[in-house]
Structure formats: C-alpha cells, structure tokens
Amino acid sequence: MKVTDRLRFWFGPATRGDIDTPVVHKHDDFETASEEELGHFVVESDDQGHHYGIRKEGA
C-alpha cells in the first residue's frame, strides 16, 4: 500500500474547489502592514538572473 493510499484511507479523498471561482484576497491589518514594510524595498536583478531586494534611499 502506497503512502498516498494510506492517507486517502484515513483522511478521505482530496477535496477540490471550483477552479473558476476567483481567489478572494482579504486586506486585513497584517497584509497592510506587510505591504507598507515591503514598500521600502526595490527588487533588482543581476546579469545572471538572480533577484534581490535593495532598500530604497531615504527609507
């Protein structure tokens, strides 16, 4: 018996929602604070395609 078969036996089949239903993003206090904090950074890429964040000047 495979691991996935065992899990299906104990937890039942995976439930799948409607793929046509749009994802609802909740704009709560945590998300607002995160966006504000991350707003002080700019994403840069080097010539090899690596991405990294740089703090904006004056932030």
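Since we're looking at a predicted model, the values are computed, not measured. Values below: every heavy atom of this structure, side chains too, minus hydrogens, waters and symmetry copies.
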*Say you draw a straight line from NE2 of His40 to CZ of Arg55; how long is it, rounded to the nearest 0.5 Å?*
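The CZ atom of Arg55 is 8.0 Å from NE2 of His40, to the nearest 0.5 Å.
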*Salt-bridged, Asp5 to Arg8, with N to O below 4.0 Å?*
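Counted as a salt bridge, because a side-chain N and a carboxylate O are separated by less than 4.0 Å.
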Can you establish whether the number of heavy atoms outside [X] located under 6.0 Å from its atom [atom1] is more than 12?
{"X": "Glu35", "atom1": "CD", "result": "yes"}
{"X": "Asp29", "atom1": "CG", "result": "no"}
{"X": "Tyr52", "atom1": "OH", "result": "yes"}
{"X": "Glu44", "atom1": "CD", "result": "yes"}

*Mind checking whether Val43 and Leu38 sit in one hydrophobic cluster, side chains of I, L, V, M, F, W, Y counted as touching below 4.5 Å?*
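Val43 does not cluster with Leu38.
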*Answer yes if Phe11 and Phe9 sit in the same cluster of Ile, Leu, Val, Met, Phe, Trp and Tyr residues linked by side chain heavy atoms under 4.5 Å apart, and no otherwise.*
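Result: yes, single cluster for both.
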_If we ignore hydrogens and angles and just use 3.5 Å, is the side chain of Lys56 paired with the main-chain N or O of Gly39 as donor and acceptor?_
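Looks like yes, one N/O pair under 3.5 Å.
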